[in-house]
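What follows is one structure encoded as structure tokens, with my remarks underneath.
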Amino acid sequence: MGFKKIGLPIARFGRQAKRSYGFIVKFASVAILGLCFVFVWYMFSPSASAVTYQRSTFGEISEPVSERGELRKSKSSVVPVKNEPDLNLGKGEEKKVVNGSLTDGGKDHMKEEKGVKIVNDGDKEEKEGDEKGSEVSESDSENGKENEVEAESEEGKEEGENTVDGDSTGAEADLEQVDESDELNAKRAKKPKFKGPLFDPKAEYSWKLCSTRSKHNYIPCIDIEVASKRIQSYRHHERSCPKNSLMCLVPLPHDGYQTPVSWPDSKEKIWLTNVAHPKLTQYVKTQSWVVESGEYLTFPQNQSELTGGIAHYLESIEETVPDIEWGKNIRTILDIGCKDSSFGAYLFDKNVFTLALGLKDDLVDLAQVSLERGFPTIVSPFGTRRLPFPSGTFDTIHCGECQIHWQSNGGKLLIEINRILRPSGYLILSSKHDSIEDDEAMSKLTASIGWNILAHKTDDVSDIGVRIYQKPESNEIYALRRKKVPPMCKENENPDAAWYVPIHSCLHPIPSAIEERGTEWPEEWPKRLHTFPDWMNNRDKLVSDAEHWKATVEKSYLTGMGIDWSTIRNVMDMHTIYGSFAAALIEQKVWVMNVVPVYATDTLPIIFERGLVGVYHDWCESFSTYPRSYDLLHADHLFSRLKNRCRKAVSVVVEMDRILRPGGWAIIRDKGPILKSLEEIFKSLQWEIRLTFVQNKEGILCVQKSMWRP
């Protein structure tokens, strides 16, 4: 019946079409049918924005399509495997990323760098206008011969690797929303790869000085260089790097730069011009531990901000808690705040490695003073993100008058301290003015995370209130808590993930199995340096690596490079594996900052276990330290691992120029073609080429930085 009703109007419409005015009806019907066809096609056919949009080739079937119809790479679910290091060459192939860190380089390096001058043989083209005044000549042609580099087969597949902060004007607001779940990190896109040669062999380089607010003290990822009404401070609340890599040279201090005072004399005096800062002179006038004496800043022995001296302060701590034996069972310490450096200076003589953490609001630049004196120091904000260290590594953490409100924001900062502190490790807090409210809040907070308070007293001599807490050694205390706040972290949350990772408001379980790291306290120093616990895999490889670097340092570095090691104090190993280079230098009067790249195998816990210290870092960004911080840089196959990672690998050389002192040295081991390109770049920077040796496509390059500035 229904079909009959529908057919009648259609038949009537056909009879009318045969009449005189049927042409008009025919035309209208065709138009209506055409519109209906367009509408149906629009509603039901696949569009360029559809997920089923046709691929251009069958080879792209495995790749998903974006909303714009563009192919995009899918995240890899393949678990990378580790390739054992070639110890004969002093290098390593790291292909398993276990720190799960997030990197900020992907977004920042996607845009073309400003102020880069590109020079080809037949065609010259200039790109000018960098606010920092940089000008670098480089060819971007991909037809040039690529350096023979072994790229990481699993590069860019790191879990959740991407930026988590925006530019300088919005970073702080964005950080408040970066939080709790690991699902957010898992959904982040992987870092893009940059095709082409690592260095163009036809490139020509010319340089200009940076023009920044911080001038000769510029720290690219810490300092804010774009002032506005919203942001008037000089430093970010969290690490936030410029969108373009640094391609200019940081100037020397305006009043001149002097060759640093050698160790150990630098403990007592340094050149004032080398650490010049507008507020430093005024600050010195109010202090007793530092005195301006002509051209020098001098540091009276055993003087500190503490009445009675630093020796009395540390001895009273050891007497209060006898298990704290400086230089024996206590070897690695993080000193938060970096005030007068007396804490680390005194403990250095007791074989304690104290790493000072200069906070971002240190506008007097006391962290720079600490580095100039020859003490281990880094600069880092401490707010919403994790510090660049693995979990359960520091034996003790000290915070003297650092004015941190531990109980604020749900106690997140103390939760981060709990993460990086070794089980049974100590937290030592000291201050002159403790309120009853703060004491009660701190007691409640430490009880909620199972910490035991060992001492809470006021020293009669210094009038300093000292509190000593101890982290639990097992998970039993967590089960006894009435309120499970903060909660325990999920099993799939990586406690060692630290690079651009927000602080999680949860507690990671304490290792309990014998094969896990952290179940036993390390051996006493110095036996600790050469002891490899059961949880370390491939112990034979570790022993061989230590023996290799010991022989290399003794037979080559100490005698065959022409380096005067009496002038070397601050050393950085830019691409370390097990810390064996640092261990080989243990008899020298130096300290070594071990850097484990975030895209490499996470061996940093092993380095800490040996009683050494290091950090995570991505060399596509600037390091968190002042200009002219180090006397020697060691880069073992660093550049060959940067293949397809950094947009401009030459920016890593610029960063080396920033953090190395004039007169400082760099030892680079890598493949022959890479060393050849690096040699030309160093020549353009007016560095002295002291040694070049290549054999079987592998080689070594030793260079010395000069005082030259453009």
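Small disclaimer: the values here were computed from a predicted structure and weren't measured.
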Identified side chain to side chain contact (heavy atoms under 4.5 Å, CB included) partner of H504 from the options K490, R386, K412: R386

Closest non-hydrogen contact found for R610 with G579 is NH1-C, 4.0 Å

Search all heavy atoms of H277 against all heavy atoms of N217 and return the closest pair with its distance. CD2-ND2, 4.1 Å

Kindly say whether the aromatic ring centers of Y313 and Y346 come within a distance under 6.0 Å. no

For V250 and P627, the nearest pair of non-hydrogen atoms, with its separation, is CG1-CG, 3.9 Å

Mind listing the closest non-hydrogen atom pair of S245 and S651 along with its distance? CB-CB, 3.6 Å

Are the aromatic rings of F394 and F389 close, with centres under 6.0 Å apart? yes

Whether D439 and K444 form a salt bridge (side-chain N of Lys/Arg under 4.0 Å from carboxylate O of Asp/Glu) is what I want to check. no

Quick check: closest heavy atoms across E493 and P495, and the distance to 0.1 Å? O-CD, 3.3 Å

What I'd like to find out is whether the side chain of L507 reaches to under 4.5 Å of the side chain of N418, using heavy atoms alone. yes

Quick check against the 3.5 Å criterion: does R658 have a side-chain atom that pairs as donor or acceptor with the backbone of T625? yes

Scanning both residues in full, the closest heavy-atom pair of G411 with L445 reads CA-CD2, 3.8 Å

Inspect the contact between E609 and R422 and indicate whether a charged nitrogen and a carboxylate oxygen are less than 4.0 angstrom apart. yes

Is the ring centre of H617 less than 6.0 Å from the ring centre of W499? yes

Would you call R419 and E416 a salt bridge, using N to O less than 4.0 angstrom? yes

Measure the acute angle between the ring planes of F382 and W406, then classify it against the limits of 30° and 60° as parallel, tilted or perpendicular. perpendicular

